[in-house]
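Here is how names work: the chains are called A, B, and so on, in the same order as the sequence lines, proteins then strands, and each is numbered from 1.
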Protein chains: 2
Amino acid sequence: MTSRAGARKRDTYRHGDLRNALIQAGLELVRDGGPNAVVLREVTRRVGVVPNAAYRHFADRNALLRAIRQAALAQLAAAMETELAALPPADDPVESARDRIRALAAGYLRFAQAEPGLFRAAFSTSDMTDTATGTTTAENESAYGPGGLSAFQLLGAALDDLVESGALPAERRPGAEYFVWSAVHGLAVLLIDGPLRGLLPVQVDEAGQRLMDSIERGI
Amino acid sequence: MTSRAGARKRDTYRHGDLRNALIQAGLELVRDGGPNAVVLREVTRRVGVVPNAAYRHFADRNALLRAIRQAALAQLAAAMETELAALPPADDPVESARDRIRALAAGYLRFAQAEPGLFRAAFSTSDMTDTATGTTTAENESAYGPGGLSAFQLLGAALDDLVESGALPAERRPGAEYFVWSAVHGLAVLLIDGPLRGLLPVQVDEAGQRLMDSIERGI
DNA sequence: CGTCAATGTGGACATCGTACACAAGGTGTT
DNA sequence: AACACCTTGTGTACGATGTCCACATTGACG
C-alpha cells in the first residue's frame, strides 16, 4: 500500500537475498536512466527495505554501482554469445572466423542500442576513480557471460581463430583486439551518446556495415 | 575570509560576467572530477555568488553542464588544431594528408589522456537526455576551435584532402569519418575509463600506433 | 530624477548519501 | 532448553544538494 512500484511488503524480518535484490532493482533503474539514476534510497524503496539496509551488503552507493556494472557487463557478454550461437555453421574456417568477429561486433552494437542505460552503466567510471586517488579500483574488471568469457575475451578468441585459420598473419595478432574493440566501442558510444545519436536505423546499419568492412581491412 | 578557494569577494553588486565565470569555474571542477563534480553550489561558491544567482543565466544545473561541455569540446578541437599546426610541411600531398589524419588522431588521444575530466565532460550525456523524453537536446552539437571547425569537421576536412590527393578512392569517402572517429574515440574512452586504463605510457603509445596503422589500412 | 527590467540575495523545502545507536532474529555452545 | 553472539534490518539525525519563491539592488533609459 505505502510503497509505489512492486515493493511488496516482506513478511519475514530478514529479506533472505537482499544483496541480489538490490542489484536487480538497480539494474531496473539503470535500464532507463543510466548510472546516476541509481539512487540508493530508491533502490531500497523498490526492494521494500529501509535505506540503511543496503549498507549491510555494500560499503556505499559506489560499491552497489560497481556490482550493477558487473552485472551489466555480464549481460553484454551474454548478448554477444547469443549472437555467436545464432550463427549458421560455415565450412570455410576463414569465412567462419570472420563471421564470428562480425557477429560479436554486431552483438555489441545491438546491445548498446537496445539497452543504452545498461551499456552506459557497464562502462561508467566517473564515480569509481575518485579524483587522483589513483586507486582506480583494480578489481576484476570483467564480468562473464554464460560461457564464462568476458566481452573482451570473446573477441580475443575470435581473433585467435582468425590467425589459426590463416586469414591473419600472426605478427599482426598482438594488439589486434585493442583496435577492433576500440572501433566497435567507439561507434557504440558515438551512436548512443555522441553526435551520431539520432541517426536513422538505416543509417545506423550502414555505419555499422561500413565500420565492420573497415575493421576487416584494418586488422 | 568566509570563502574557501579563490572566491574573491566582489565589490560590485553586479558581477559583470557571471555566466562566463560560472562556466570557467565549472571547467575547473570538471577538470579533476568529471561531469558530476560540477556541483552548482560549489560553482557559485567559487565565483563568490549565492547559488541562486546561477539561475539568472542557466535554466538549471543541466544547462550549465551543457555550456561546460561545449567549452570542453572547443578545447578538444583547439588541441587538435595545435597538433595540426605543429606538423612540419610535407611536399607529397598524399603523405601530407595522411600525416594530418595521424596528427588529428594523436591530438585527440593526447587530449583525452591529458585532460580526462574535460574529455569525459565533453561526451557526457547521462543527464541531458532525460529518459525517453526523446528531445535529445538537438542543439548545435559541436563546439568550435580557434579555427572555427569542430573536431568532427577537422577530421572530415583531412579526409577530403586524402581523397583529393588521390590516396583514397572517392567511393570510400562517404562514412569514412564515422569509422576513423569511432576507432580513435573508442581507444580514448577505453584508455581513460575502460579496461585499458592503467596501461603504461609505452603500451599506450604502442596501442596508439597500432590503431593508426589499422585505421590507415581500413579507411 | 523616476521607473523598470535585469541581476543578485535570503530563506525554505524535499531529497539524497550516510553515520550512529538500537531491535530482531538466526546460530552455535553448553 | 537456555543463553550469548553475530548478522541483518530499523529509526533517527545531519550535512549537502538542486531548486522555488519573495525581496533587494542596480544600471539603463525615459
Option among A/I192, A/L109, A/V30, A/L73 that satisfies the side chain to side chain contact (heavy atoms under 4.5 Å, CB included) test with A/F119: A/I192
Tell me the interatomic distance from B/N20, atom CG, to C/dT7, atom C1', rounded to whole angstroms. 16 Å
Euclidean distance, atom CG of residue A/L22 to atom P of C/dT18 [Å, nearest integer]: 14 Å
Any residue meeting side chain to side chain contact (heavy atoms under 4.5 Å, CB included) with B/L29, in chain and number order, not counting sequence neighbours: B/E42, B/V43, B/R46
Looking only at heavy atoms, what is the nearest atom pair of B/A151 and B/A77, with distance? N-CB, 4.0 Å
Report the residue (B/A53 or A/V39) whose heavy-atom-nearest nucleotide on DNA chain C is the more 5′ of the two. B/A53
Which part of the nucleic acid, if any, lies within reach of B/V50 when heavy atoms closer than 4.0 Å are counted: base, sugar-phosphate only, or nothing? base
Sorted by first residue and then second, give each side-chain hydrogen bond (donor to acceptor under 3.5 Å, both in side chains) pair with at least one member in residues 100-111 of chain A; sequence neighbours left out. A/E83-A/R110, A/R100-A/D161, A/R102-A/Q209, A/R102-A/D213, A/R102-A/E216, A/Y108-A/W181, A/Y108-A/H185
Calculate the interatomic distance between B/N36 atom CG and D/dT17 atom P; express it in whole Å. 13 Å
Side chain to side chain contact (heavy atoms under 4.5 Å, CB included) partner of B/F58, chosen from B/L40, B/L65, B/L18, B/I23: B/I23
In whole angstroms, the gap separating C1' of C/dA12 from CZ of B/R41 amounts to 10 Å
Between A/R120 and B/T125, is a side chain to side chain contact (heavy atoms under 4.5 Å, CB included) present by the stated rule, with each step listed? CA-CA 10 Å; A/R120 266 199 286 268; B/T125 43; 4.0 Å; yes
Side-chain N or O of A/H57 less than 4.0 angstrom from OP1 or OP2 on D/dT7? no
What about B/R19: does its side chain form a donor-acceptor pair under 3.5 Å with the base of C/dT7? no
Could you check A/F152 against A/E177 for side chain to side chain contact (heavy atoms under 4.5 Å, CB included), going step by step and ending with a plain yes or no? CA-CA 8 Å; A/F152 190 61; A/E177 53 261 78; 3.4 Å; yes
What is the distance from CG of B/N62 to P of D/dT17, rounded to the nearest Å? 17 Å
Once you round it to whole Å, what is the distance between P of C/dT9 and OH of B/Y55? 15 Å
Which whole-number value in Å describes the distance from B/D17 CG to C/dT7 P? 11 Å
Spacing of B/R61 atom CZ relative to C/dT15 atom P, expressed in whole Å: 19 Å
Readout for nucleotides 21-30 of chain D: B = base within 4.0 Å of protein heavy atom, S = sugar-phosphate only, - = neither; 5' to 3' it is BB-BBB----
